[in-house]
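Read the structure below first, then the notes.
Sequence positions, counted from 1, serve as the residue numbers for this chain.
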Amino acid sequence: MIILTGNDLKTGVVVWWDGQNWSLHVENAVDVGDEADAIAAREEAARRVNVPYAIEATQTDDGPRPAHIKDRVRALGPTVRMDLTLKPNDPGAAEQVI
């Protein structure tokens, strides 16, 4: 599975391509397959996202899980204090990173 990530051009926040727009939540990301480069180029040219790039992920019951630890941290948020993650009330949030 190939998904797209980048940073929102206005806020800098990490975003994920959901097939129509950019989402704050990795679980909304869709498999873009061979279209990754075309979508990334179009979205960057439209100035909606900064430096979009394709990553490998696996589909889980909770949605896509980025294959690389760097992108799992981007998906979850800070790992030093779990109360600052994107899912502060999720007791299993830390397990999603590992």
Side-chain angles (χ1 to χ4, degrees):
M1 163 176 225
I2 303 295
I3 61 177
L4 284 177
T5 187
N7 293 84
D8 180 80
L9 196 59
K10 292 180 183 175
T11 65
V13 70
V14 175
V15 290
W16 308 88
W17 181 249
D18 70 8
Q20 303 256 329
N21 210 334
W22 294 95
S23 172
L24 297 175
H25 307 287
V26 68
E27 53 269 6
N28 296 334
V30 297
D31 186 0
V32 295
D34 296 336
E35 297 299 313
D37 291 338
I39 295 167
R42 182 184 72 230
E43 290 296 305
E44 190 167 30
R47 298 185 187 266
R48 285 188 280 269
V49 67
N50 187 36
V51 193
Y53 62 98
I55 64 169
E56 290 187 31
T58 56
Q59 184 64 43
T60 72
D61 292 340
D62 297 322
R65 175 185 167 90
H68 194 279
I69 186 70
K70 172 193 152 218
D71 296 305
R72 288 198 300 267
V73 170
R74 283 174 51 87
L76 182 63
T79 58
V80 178
R81 289 183 39 200
M82 292 311 295
D83 61 314
L84 298 177
T85 69
L86 294 176
K87 297 180 179 180
N89 296 324
D90 182 354
E95 295 171 12
Q96 294 176 27
V97 176
I98 299 171

>> With side-chain contact (heavy atoms from CB on, under 4.5 Å) as the criterion, how do Tyr53 and Thr5 come out once you've worked through the C-alpha distance, each side chain's angles and the decisive distance to 0.1 Å?
In response: CA-CA 6 Å; Tyr53 62 98; Thr5 187; 3.5 Å; yes
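Scanning both residues, Ala36 and Ile2, for their nearest heavy atoms gives CB-CG2, 4.2 Å. Residue Arg72 comes nearest to Ala67 through the heavy atom pair NH1-O, 2.8 Å, listed as atom of the first residue, atom of the second, then distance. In terms of heavy atoms, Ile55 sits closest to Trp16 at CD1-CZ3, 3.7 Å. Taking both residues in full, the closest heavy atoms of Gly63 and Thr60 are given as O-OG1, 2.6 Å, listed atom of the first, atom of the second, then distance. Here the shortest heavy-atom pairing between Gly19 and Val30 reads N-CG2, 3.5 Å. The nearest pair of heavy atoms linking Pro64 to Pro66 is O-CD, 3.9 Å.
No side-chain donor-acceptor contact under 3.5 Å links Ser23 and Asp18.
Residue-environment remark: CD (Glu56) stays at or below the threshold of 12 foreign heavy atoms within 6.0 Å. Annotation for Asp34: atom CG does not count as buried by contact number, only 12 or fewer foreign heavy atoms lying within 6.0 Å.
Transitive grouping of hydrophobic side chains (ILVMFWY, heavy atoms separated by less than 4.5 Å) keeps Leu9 and Trp22 in distinct clusters.
For the pair Arg65 (side chain) and Ala57 (backbone), a donor-acceptor distance under 3.5 Å is absent. Between the side chain of Asn50 and the backbone N or O of Asp8, no donor-acceptor pair lies under 3.5 Å. In this structure a side-chain-to-backbone donor-acceptor pair under 3.5 Å is present from His68 to Lys70.
For Arg48, the salt bridge (charged side-chain N to carboxylate O under 4.0 Å, His left out) criterion is met by Glu43, not counting sequence neighbours. For Asp71, the salt bridge (charged side-chain N to carboxylate O under 4.0 Å, His left out) partners are Arg74, not counting sequence neighbours.
The shortest side-chain heavy-atom distance between Ile3 and Trp17 does not fall under the 4.5 Å cut-off.
Screening Val14, Val13, Val15 for a side chain to side chain contact (heavy atoms under 4.5 Å, CB included) involving Thr11 leaves a single residue, Val13.
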